[in-house]
Amino acid sequence: MVNAELIAVGSELLLGQIANTNAQFISEQLAELGINVFYHTVVGDNPERLKQVISIAQSRSELIIFTGGLGPTKDDLTKETVAQCLDRRLVTDDKAMQQIEDYFKKLNREMTENNRKQAIVLEGSRVLPNNNGMAPGMIIETESHRYILMPGPPSEMKPMFLGEVKPYLLKDFNEPLHSRVLRFFGIGESALETELMDLIDAQTNPTIAPLAKEGEVTLRLTAKHRNPAEATKLLDDTEAKISARVGEFLYGYGDETTLPQVVFELLKDKGLTVASAESLTGGLFSQQLTDFPGASALFSGGIVGYTNEVKRDVLGVEQRILDENGAVSEACAMAMASGAAEHCHADLGISFTGVAGPSLEEDHPVGTVFIGLSHGKTQVAHAFRFNGSRRGIRQRSVMHGFDLIRRYLLEKSPFEK
């Protein structure tokens, strides 16, 4: 298995003037070919530092890919430095020179002398034509390494990679990667890793890569196999082992899937409608659910009620509950969910009440949250304690609300229509 390393050359990258999107693109492309990328390096326009970077790369990688530093200016020194490291001469490529001259003629501009520098290549290299710019790319093969040099501008590098470099690599490296992303909610990254530690430690093929995102965790399973059916079997077997331990937290698949989207589809598939009563979240649940086209078929309506008077007079929460239990309580959350379903004529009702901060409410600390669910005579409420900012507490409350609906729709028979 070949190991690849990407070296981006350009002081503008180190200064943060531009983002190194080339590395992301090339890594994605190499992953499709089953080529491991273990290192990304960014180095400025300095030949001595670039020599050091090349020396390190040679000690740990067989395929070394450079982007940038092939232009006409004095600080474009990539090919000159690589030539020194490989003890190769620099020569002018006639085809590249002709292409550069034709470019200036087409624009009716005089070509400055320094542009001739762009047609210089390493002797013995395979020259890659640049159909979107002037500086050609190069491929150099030695007994132990392969070096690929491409221009820095993405508009030139990407088509060169796809048109020239990728076909070249396909000849020798083609063990495609097959990936599957599992999305989890309600379990933290550390807890998930603890449950799966032996699987992660023993991973070979497929590999298991955890990634914490805002409010959730994903696992990317990656299998290497030339046969897609065999790769799918490898992924299925690994997913089955994971699901046996933490399947209750698995809510979906893919890079783009969201928990609100999954709940939206579940409601639609089951032909159920939902209404919301939001005190803590101020309509955030309603807003996220109605972001999807066709929401009117399953979202009956929402009531934002912050005062006790609105909870009592609009949602129908009994004064006794407000007096004895308070607005921030399980009893109030259940009554709010029931009132939302009744007044909006929905199958399900969900409610949010709690303390988002910055101060205490009814002696409850900031982050105290109750979420109620109602379906006919079935009413439940769940208590949570969240940390973080006011915005974070509200957002986490909404996501846990979606997760509660998901769990009940999948597991609780009273919620089947």
Strictly distance-based, threshold 3.5 Å: is any side-chain N or O of [X] a donor or acceptor partner for the main-chain N or O of [Y]?
X      : Y      : value
Ser11  : Asp45  : yes
Thr368 : Pro365 : yes
Asp76  : Thr73  : yes
Ser351 : Gly372 : yes
Arg394 : Leu280 : yes
His343 : Val314 : yes
Thr281 : Leu284 : no
Gln379 : Ser374 : no
Arg390 : Gly357 : yes
Lys311 : Gly305 : yes

Any side-chain heavy-atom pair from [X] and [Y] closer than 4.5 angstrom?
X      : Y      : result
Ile139 : Ser125 : no
Phe299 : Ser276 : yes
Thr258 : Val262 : no
Met336 : Val317 : yes
Val121 : Leu90  : no
Lys95  : Val127 : no
Thr142 : His145 : yes
Ile7   : Leu50  : yes

Under 4.0 Å between a side-chain nitrogen and a carboxylate oxygen: does that hold for [X] and [Y]?
X      : Y      : result
Arg183 : Asp255 : no
Glu141 : Arg126 : no
Asp237 : Lys241 : no
Arg180 : Glu239 : yes
Asp347 : Lys270 : no
Glu48  : Lys51  : yes
Glu265 : Arg406 : no

_Passing candidate, side-chain contact (heavy atoms from CB on, under 4.5 Å) with Ile148, options Ile140, Leu169, Thr67_ =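 Result: among Ile140, Leu169, Thr67, Leu169 is the only option passing the side-chain contact (heavy atoms from CB on, under 4.5 Å) with Ile148.
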
*Of Leu30, Leu63, Ile64, the residue whose pairing with Leu6 passes side-chain contact (heavy atoms from CB on, under 4.5 Å)*: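 Only match with Leu6 under side-chain contact (heavy atoms from CB on, under 4.5 Å): Leu30.
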
*Can a cation-pi geometry be assigned to Arg60 and Phe38, taking NZ or CZ under 6.0 Å from the six-membered ring centre and within 45° of the ring axis?*
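No, Arg60 does not lie over the aromatic ring of Phe38.
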
Can you tell me if [atom1] on [X] sees more than 12 non-hydrogen neighbours from other groups inside 6.0 Å?
X      : atom1 : result
Phe25  : CZ    : yes
Glu12  : CD    : yes
Arg245 : CZ    : yes
Asp201 : CG    : yes
Gln17  : CD    : yes

*asked:* Let's go through Asp291 and Gln288 carefully: what are the C-alpha distance in whole Å and the side-chain angles of both, what is the deciding distance for side-chain hydrogen bond (donor to acceptor under 3.5 Å, both in side chains) to 0.1 Å, and is it a yes or a no?
replied: CA-CA 5 Å; Asp291 274 347; Gln288 293 193 14; over 6 Å; no

*Compare every heavy atom of Ala96 with every heavy atom of Pro136, then report the nearest pair and how far apart it is.*
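Looks like CG-CB, 3.8 Å.
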
*Grab the two heavy atoms, one from Thr78 and one from Gly68, that are nearest each other, plus how far apart they are.*
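Of all heavy-atom pairs spanning Thr78 and Gly68, the closest is OG1-O, 2.8 Å.
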
*Given the side-chain rings of Phe352 and Phe285, with only the six-membered ring counted for Trp, is the space between their centroids under 6.0 Å?*
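So the answer is yes for these two rings.
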
*Do the two ring centres, one from His375 and one from Tyr408, sit under 6.0 Å apart?*
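Ring centres of Tyr408 and His375 not closer than 6.0 Å.
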
*Return the orientation label for the Phe66 and Tyr147 ring planes: parallel under 30°, perpendicular over 60°, tilted otherwise.*
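Phe66 and Tyr147: parallel rings.
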
_Parallel, tilted or perpendicular: which one describes the rings of His382 and Phe384, with boundaries at 30° and 60°?_
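Judged by the thresholds at 30° and 60°, the geometry between His382 and Phe384 is tilted.
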
Are side-chain N/O atoms of [X] and [Y] paired as donor and acceptor at under 3.5 Å?
X      : Y      : answer
Asn132 : Glu156 : no
Tyr168 : Arg146 : yes
His40  : Ser27  : yes
Tyr306 : Glu278 : no
Gln118 : Asn115 : yes

*About how many Å separate CG of Leu267 and CD1 of Ile405, when rounded to the nearest 0.5 Å?*
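If I round to the nearest 0.5 Å, the distance is 6.0 Å.
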
_Candidate pair Leu348 and Leu409, rule side-chain contact (heavy atoms from CB on, under 4.5 Å), full reasoning_ = CA-CA 10 Å; Leu348 307 179; Leu409 290 179; 4.0 Å; yes

*Could you walk me through whether Glu80 and Lys117 pass salt bridge (Lys or Arg N to Asp or Glu O under 4.0 Å), step by step?*
CA-CA 11 Å; Glu80 290 83 355; Lys117 178 176 180 286; 3.3 Å; yes

*Please assess Asn227 against Lys233 for the test side-chain hydrogen bond (donor to acceptor under 3.5 Å, both in side chains), listing each intermediate value before the final yes or no.*
CA-CA 10 Å; Asn227 186 328; Lys233 184 177 184 305; over 6 Å; no

*Which residues satisfy the side chain to side chain donor-acceptor pair (under 3.5 Å) test with Glu330, sequence neighbours excluded?*
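Glu330 satisfies side chain to side chain donor-acceptor pair (under 3.5 Å) with no residue once adjacent residues are dropped.
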
*Candidate pair Phe161 and Ile26, rule side-chain contact (heavy atoms from CB on, under 4.5 Å), full reasoning*: CA-CA 8 Å; Phe161 185 95; Ile26 297 172; 4.1 Å; yes

*asked:* Apply side-chain hydrogen bond (donor to acceptor under 3.5 Å, both in side chains) to residues Asp102 and Gln98 and explain how you reach the verdict.
replied: CA-CA 6 Å; Asp102 291 344; Gln98 186 62 55; 2.9 Å; yes

*Run the side-chain hydrogen bond (donor to acceptor under 3.5 Å, both in side chains) check on Ser329 and His364 step by step: do they pass?*
CA-CA 10 Å; Ser329 65; His364 292 291; over 6 Å; no

*Could you walk me through whether Phe249 and Phe185 pass side-chain contact (heavy atoms from CB on, under 4.5 Å), step by step?*
CA-CA 5 Å; Phe249 303 103; Phe185 184 85; over 6 Å; no

_Test side-chain contact (heavy atoms from CB on, under 4.5 Å) on Leu298 and Leu272; report intermediate values, then the result._
CA-CA 6 Å; Leu298 52 86; Leu272 294 171; over 6 Å; no

